[in-house]
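Everything below concerns the one structure shown next.
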Protein chains: 2
Amino acid sequence: MLSIGKLGQAAGVKVPTIRYYEQIGLLHPAGRSEGNQRLYARDALARLLFIRHARDLGFPLDAIRDLLALQDDPHQPCAAADAIAQAQLQAVNRRITQLTALRCELEKMVAQCAHGSVGECRVIEVLGNHDLCVHPDHDDGDDAVTDHDHALAPRS
Amino acid sequence: MLSIGKLGQAAGVKVPTIRYYEQIGLLHPAGRSEGNQRLYARDALARLLFIRHARDLGFPLDAIRDLLALQDDPHQPCAAADAIAQAQLQAVNRRITQLTALRCELEKMVAQCAHGSVGECRVIEVLGNHDLCVHPDHDDGDDAVTDHDHALAPRS
DNA sequence: TCTAATGTCTCTAGTAGCTATAGGTTCAAG
DNA sequence: CTTGAACCTATAGCTACTAGAGACATTAGA
């Protein structure tokens, strides 16, 4: 039996995150010690490692929830799991495509900066005038699938 | 003078987003009509387009705040703007590197799926057993710079 | 055995960048 | 003059956690 701290160490997951996973139903509620502290068996570690690995691969928690349900019932056909993984792969591919375009524009911007004053700065200028940048045709289509990225994401 | 709706249309930004930008101080508070509705002049449109373009390039709002301050004072040296753009470029590059690694792993996973039952599914198996995947050495170093991505992000 | 340090408990609020909703007011067209 | 759209404020929600407060449990050392 592991304490929550040991479990977290073993899986490389922070303690509050484990409690969070329990709260949203990804982990089964743990048994408790006499003093009301959580105690975990080996299968909880396996489940947590599964979640952690899936998170490392970028799967959203909802997808992980589905994958765990599949894992719990090994007689179901594999197609659902395959579909989830493929969707994730496509999301990653879309994201890479987007980011590559961004990189291209950013590189141009930075390269043209003459390091003078802001008044003649190419960076500021390009940002202010959309026409100055070589932007591929900008479709506002809504093919959003798994795009809750923020910091590096153009709005869908 | 533009209403908030017209401004949004002109800039390709939703109305609540404009109010949000005002709230967090990215846009100056707009003048009001007799009936207390916001009215915008041309310079507000320019500012909003600037923000929108920077967002499209993935700049976080804090960085945009700094860029706007620089734009407001054209006599400052350009170095600060250049630094912000370069930081963004590096963040994008890091992200692409990460995602490319993820893509590789996901592709392998999907390719190995034999479309049988979950019990023998390679996808589920690989997720459950970290050793089965060809993961490059996993350093827990903290080089987080702009990583508030969620859906597709491995935790830093 | 006592004590101090660490670990754990619950609960709440905060992060980014919006989006959605509710309940009310104003504006412009017919 | 009426209707419907656009607008107002304020609040809550989204992802996936993280941080903090204040109280209780456990454990290692003296």
Side-chain angles (χ1 to χ4, degrees), chain A residues 1-9 11-27 29-40 48 51-52 54-65 88 91 95 142 144-156, chain B residues 1-9 11-27 29-40 48 51-52 54-65 88 91 95 142 144-156:
Chain A
M1 286 295 179
L2 301 165
S3 71
I4 195 171
K6 301 289 179 192
L7 179 71
Q9 257 185 291
V13 171
K14 286 178 191 148
V15 166
T17 305
I18 298 175
R19 288 197 278 252
Y20 171 70
Y21 286 162
E22 180 183 310
Q23 191 192 322
I24 63 170
L26 277 192
L27 290 176
R32 299 294 180 118
S33 74
E34 271 189 58
N36 195 36
Q37 302 197 346
R38 289 174 181 80
L39 289 177
Y40 294 93
L48 185 53
I51 296 171
R52 188 210 135 107
R55 286 296 299 136
D56 281 345
L57 287 168
F59 286 90
L61 292 181
D62 272 352
I64 296 175
R65 196 188 308 277
Q88 177 61 14
R95 200 78 184 82
D142 46 356
V145 171
T146 306
D147 196 19
H148 290 287
D149 278 357
H150 296 307
L152 304 178
R155 296 122 340 125
S156 56
Chain B
M1 287 294 179
L2 300 165
S3 72
I4 194 171
K6 301 290 177 189
L7 179 71
Q9 256 185 290
V13 171
K14 287 180 191 147
V15 167
T17 305
I18 297 174
R19 288 197 279 251
Y20 171 69
Y21 286 161
E22 180 183 311
Q23 190 193 320
I24 62 171
L26 277 193
L27 289 176
R32 297 297 180 115
S33 74
E34 271 189 57
N36 196 35
Q37 302 196 349
R38 288 173 180 82
L39 288 177
Y40 294 92
L48 185 52
I51 296 171
R52 188 210 135 107
R55 287 296 298 136
D56 281 345
L57 287 169
F59 286 90
L61 292 181
D62 273 353
I64 297 175
R65 196 188 308 277
Q88 176 61 13
R95 199 77 184 85
D142 45 354
V145 170
T146 306
D147 196 19
H148 291 288
D149 276 1
H150 295 308
L152 303 178
R155 294 121 341 124
S156 58

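Reminder, nothing fancy here: chain letters follow the sequence lines and each chain counts from 1. If you're wondering where the values come from, they're calculated on a predicted model, not measured in any experiment.
- In this structure, NZ of B/K6 is placed 15 Å from C1' of C/dT26, rounded to the nearest angstrom.
- If you measure from atom CD1 of B/I4 to atom P of C/dA28, you get 15 Å, rounded to the nearest angstrom.
- The distance from atom CD1 of A/I18 to atom CG of A/L26, rounded to the nearest 0.5 Å, is 12.5 Å.
- One finds no side-chain N or O of B/R38 lying less than 4.0 angstrom from the OP1 or OP2 phosphate oxygen of D/dC7.
- With sequence neighbours excluded, the residues forming a salt bridge (Lys or Arg N to Asp or Glu O under 4.0 Å) with B/R65 are B/D62, listed by chain and number.
- Remark: B/S3 is in phosphate contact with D/dC7, judged by side-chain N or O atoms under 4.0 Å from OP1 or OP2.
- With sequence neighbours left out, B/A54 forms a side chain to side chain contact (heavy atoms under 4.5 Å, CB included) with A/L127, B/F59, B/I64.
- The CD1 atom of A/I18 sits 11 Å away from the P atom of D/dT18 (whole-angstrom rounding).
- Summarising the geometry, the separation between CG on B/D62 and C1' on C/dG14 is reported as 15 Å, rounded to the nearest angstrom.
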Report task. Quick one, give me the B/S/- string for nucleotides 19-25 of chain D, reading 5' to 3', where B means a protein heavy atom under 4.0 Å from the base and S means that only happens at the primed atoms, P, OP1 or OP2. Result -> ------S

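- A/Q88 places a side-chain N or O within 3.5 Å of a backbone atom of A/G58 that can act as its donor or acceptor partner.
- At whole-Å resolution of the value, CE in B/M1 and P in C/dC27 are 15 Å apart.
- Taken from CG in B/L2 to CG in B/L48, the straight-line distance is 10.5 Å, to the nearest 0.5 Å.
- Interatomic distance, CD1 of A/I24 versus CZ of A/R19, reported as 14.5 Å (0.5 Å rounding).
- Between D/dC17 and A/Y21, a contact under 4.0 Å exists linking OP1 or OP2 to a side-chain N or O.
- Every residue meeting the side-chain hydrogen bond (donor to acceptor under 3.5 Å, both in side chains) condition with A/E22, not counting sequence neighbours, appears here in chain and number order: A/R38.
- Straight-line distance from the CG atom of B/L39 to the P atom of D/dA6: 17 Å, rounded to whole Å.
- When heavy atoms are screened at a 4.0 angstrom cut-off, B/I24 is found touching no nucleic acid atom at all.
- Residue B/Y40 contributes atom OH, which lies 17 Å from atom P of D/dA6 at whole-angstrom precision.
- Applying the 4.0 Å criterion to OP1 and OP2 of C/dT10, one finds that A/R32 has a side-chain N or O inside that range.
- Atom pair B/E22:CD and D/dC7:P shows a separation of 14 Å (rounding to whole Å applied).
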